[in-house]
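Here's the structure we're looking at; comments come further down.
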Amino acid sequence: MLECDLKTQLGGFALQLKFTLPSEGITVIFGQSGSGKSSLLNMIAGFDQPTEHGSIRFNDQNWLALSSNSKAENTAIQQRKIAYVTQAPCLFEHLSIKQNLQYAIDRQHQKKINDSDSYLSLASVSQHLNINYLWEKFPSQLSGGEKQRVAIARAIVSAPQLMLFDEPLNGLDEQHREQILHHLEHLHQHFSIPILYVTHNMEELMRLADRVLVLQQGSLLAQKDISDVLSDLTLPFSRHHQAGAVISAKVHASEKNYHLIQLALGHGGFLWVNSPSLAHATGEKIRLRIYAKDISITRQPASDSSILNILPASIIDIIDLSKGQAILKLHCYQQILLARLTNKSIEQLKLNKGDHIFAQIKGIAILGAGLQ
């Protein structure tokens, strides 16, 4: 568990945060530039100290205790057993990639948890991040995306108890960014290391976050699980052009000749999803992204539609987005979905809160880890 209570002056505003996070999964720290995200990360890492007061505690370790009445108690950076990945890979230019990785292994924060542990081995991590073919090369011979994958691998094999990512995908082209995002989606499933991930990118938030800290001018605007953050119409996420929902569903059946899997939503609801990969086991849980722009609404289910998913739902709320659009918050088989419609469509269908309708979702429009 990570517990923070911090107050410090940052330029024209004060960063004042108090929160507790479980030491598992990925917590995304989200906010616009200048909201205090990187400053928070640097204080957790030990690079900076708050100017007024602060306490940081990770599991049973006191990392920082600072008050106006007493001398600061501050655990040294190297003793916090943290790995930090920034926008710049910061590899050792005079060492090969394998030597860069071995450098971290030789200085592991914590050795094998038990004698059978191999998930932090050089071979395992290299295979997971697809960098085996780079071992004999030097950093100057790598692309930006390859360097960042090596930097992530080096952080993992250092065996940290906590990983920090500060906008690691900034500056990468779309191809390399997508490659790394794909690896990061599976990261904490393969390597049981809690992660704090700073970003202001909506797609990264939806693909990676288990929970979210939303910062605004140094204050904590919200602290919620990802599904609750995205569906909260009082927060700015629902107004974003990539607004949508993140849900988890279990594989129920498949039609391999069509590259389709059927996912159970609960209470007898099912969702057909296109999946180029056929390696899905019954009962496997899959995290899905359903964007608001990919959901349409009908009063009656069509009997001759190409859309595979026509699901009964009810309207929880409607908010106007201006410029002729609105967002509908829907309840559908124990799940919360968002739909973006034109105001004309809402008027023509006479849609109101509490109405029972049908949500139409193309199976090919649903995205998720393992589905691409």
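- The CG atom of Leu181 sits 11.0 Å away from the NE2 atom of His186 when rounded to the nearest 0.5 Å.
- Side chain to side chain, Glu347 and Asn343 fail the donor-acceptor criterion of an N or O pair below 3.5 Å.
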I'd like to know whether Phe165 forms a ring-ring contact (aromatic ring centres under 6.0 Å, His included) with Tyr84, so could you lay out the CA-CA distance, the side-chain angles of the two residues, the decisive distance to 0.1 Å, and finally the verdict. CA-CA 6 Å; Phe165 287 83; Tyr84 201 151; 9.1 Å; no
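- Thr51 is linked by a side chain to side chain donor-acceptor pair (under 3.5 Å) to Thr8, counting only residues two or more places apart in sequence or in another chain.
- Distance alone, capped at 3.5 Å, is enough to place a donor-acceptor pair between the Ser96 side chain and the Gln99 backbone.
- Using a 4.0 Å cut-off between charged side-chain N and carboxylate O, Arg299 and Asp355 make a salt bridge.
- Going from atom CD1 of Ile319 over to atom CG of Leu328 covers 9.5 Å, rounded to the nearest 0.5 Å.
- Here the straight-line distance linking atom CG of Asn132 with atom NZ of Lys98 works out to 10.5 Å at 0.5 Å rounding.
- Rounded to the nearest 0.5 Å, atoms CG (Leu271) and CG (Leu265) are 5.0 Å apart.
- Within the 3.5 Å criterion, the main-chain N or O of Gly145 finds no donor-acceptor partner in the side chain of Gln148.
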For Leu321 and Arg340, run side chain to side chain contact (heavy atoms under 4.5 Å, CB included): C-alpha distance rounded to whole Å, both residues' side-chain angles, the deciding distance at 0.1 Å, then the answer. CA-CA 9 Å; Leu321 299 178; Arg340 186 190 296 270; 3.1 Å; yes
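- In this structure, a donor-acceptor pair under 3.5 Å is absent between the side chains of Glu146 and His176.
- Contact check on Asp294 versus Lys362 returns no salt bridge, with no Lys/Arg side-chain nitrogen under 4.0 Å from an Asp/Glu carboxylate oxygen.
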May I have the step-by-step check of side chain to side chain contact (heavy atoms under 4.5 Å, CB included) for Trp272 and Ile361, ending in yes or no? CA-CA 9 Å; Trp272 285 105; Ile361 315 168; over 6 Å; no
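- At a cut-off of 3.5 Å, with distance as the only test, a side-chain donor of Asp166 or Ser38 sits close to an acceptor on the other residue.
- In terms of heavy atoms, Ser231 sits closest to Ile336 at CB-CG2, 3.5 Å.
- For Arg239, there are no salt bridge (Lys or Arg N to Asp or Glu O under 4.0 Å) partners at least two apart in sequence or on another chain.
- Checking side-chain atoms of Asn59 against main-chain N and O of Gln61 turns up no donor-acceptor pair under 3.5 Å.
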Check the pair Ile286, Ile261 against side chain to side chain contact (heavy atoms under 4.5 Å, CB included), reporting the backbone distance first and the verdict last. CA-CA 11 Å; Ile286 297 181; Ile261 56 175; 3.7 Å; yes
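- Ion pairing of Glu73 with Arg57 is absent here, as no side-chain N (NZ or NE/NH1/NH2) approaches a carboxylate O to less than 4.0 Å.
- Between the Ser35 side chain and the Gln216 main chain, no donor and acceptor come within less than 3.5 Å of each other.
- Rounding to the nearest 0.5 Å places CG of Asp225 at 8.0 Å from CG of Asp210.
- Side-chain contact check for Asn74 versus Gln49: some heavy-atom pair is nearer than 4.5 Å.
- Phe270 pairs by the ring-ring contact (aromatic ring centres under 6.0 Å, His included) definition with His252, not counting sequence neighbours.
- Using a 4.5 Å heavy-atom threshold, the side chains of Leu41 and Leu196 count as touching.
- The heavy-atom pair separating His200 from Gly31 by the smallest distance is CB-O, 3.1 Å.
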Apply the test salt bridge (charged side-chain N to carboxylate O under 4.0 Å, His left out) to residues Glu174 and Arg177: give CA-CA distance (whole Å), side-chain angles for both, the deciding distance (0.1 Å), then the verdict. CA-CA 5 Å; Glu174 190 60 32; Arg177 183 175 170 275; 3.6 Å; yes
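- Here the side chain of Gln335 pairs no donor or acceptor atom with the backbone of Ile247 at under 3.5 angstrom.
- By the rule that hydrophobic residues join a cluster once side-chain heavy atoms approach within less than 4.5 Å of another member, Ile316 and Leu351 end up as members of separate clusters.
- Considering all non-hydrogen atoms of both residues, Leu164 and Ala45 come closest at CD1-CB, 3.7 Å.
- For the pair Gly36 and Phe13, the tightest heavy-atom approach, listed with the atom from each and the gap, is N-CZ, 4.4 Å.
- For the pair Ser126 (side chain) and Leu122 (backbone), a donor-acceptor distance under 3.5 Å is present.
- Of the possible donor and acceptor atoms, one in the side chain of Thr75 sits under 3.5 Å from a partner among the backbone N and O of Asn62.
- Of the possible donor and acceptor atoms, one in the side chain of Glu284 sits under 3.5 Å from a partner among the backbone N and O of Ala281.
- Residue pairs meeting the ring-ring contact (aromatic ring centres under 6.0 Å, His included) criterion with at least one member in residues 230-249, sequence neighbours excluded: Phe30-Phe237.
- In the displayed structure, Tyr258 atom OH is contacted under 6.0 Å by at most 12 heavy atoms of other residues, nucleotides or ligands.
- Residues Tyr333 and Ile310 are members of separate hydrophobic clusters, defined by side-chain heavy-atom contacts under 4.5 angstrom among Ile, Leu, Val, Met, Phe, Trp and Tyr.
- For Arg211 and Gln223, the side-chain atoms include no donor-acceptor pair closer than 3.5 Å.
- Heavy-atom minimum distance, Ala339 versus Leu330: CB-CD1, 4.2 Å.
- The side chain to side chain contact (heavy atoms under 4.5 Å, CB included) test with Ile290 is passed by exactly one of Leu337, Leu338, Val273, Leu367: Leu337.
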Step-by-step salt bridge (charged side-chain N to carboxylate O under 4.0 Å, His left out) determination, Glu185 to Arg289: CA-CA 12 Å; Glu185 280 182 306; Arg289 306 190 308 280; 3.6 Å; yes
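- When the side chain to side chain donor-acceptor pair (under 3.5 Å) test is applied to Asn100, the partners found at least two apart in sequence or on another chain are Arg154.
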Could you please spell out the steps behind the side chain to side chain contact (heavy atoms under 4.5 Å, CB included) verdict for Leu66 and Leu6? CA-CA 9 Å; Leu66 173 65; Leu6 303 164; over 6 Å; no
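- The two atoms that bring Lys224 and Val229 nearest to each other are CB-CG2, 3.4 Å, heavy atoms only.
- For the pair Arg107 and Tyr103, the cation-pi test (distance below 6.0 Å, angle within 45°) is passed.
- Within 6.0 Å of atom CD1 in Ile364, 12 or fewer heavy atoms from other residues, nucleotides or ligands are found, so the atom counts as exposed in its surroundings.
- Side chain of Asp173 to backbone of Gln175: a donor-acceptor contact under 3.5 angstrom is found.
- Taking OG of Ser158 as the reference point, atom CG of Leu101 lies at 10.5 Å (rounded to 0.5 Å).
- Side-chain contact of Ser275 with His280: a donor-acceptor pair under 3.5 Å is present, judged by distance alone.
- Side chain of Asp5 to backbone of Gly54: no donor-acceptor contact under 3.5 angstrom is found.
- With sequence neighbours excluded, the residues satisfying side chain to side chain donor-acceptor pair (under 3.5 Å) with Thr199 are Glu204.
- Side-chain contact annotation: Gln32 with Gln217, donor-acceptor N/O pair under 3.5 Å absent.
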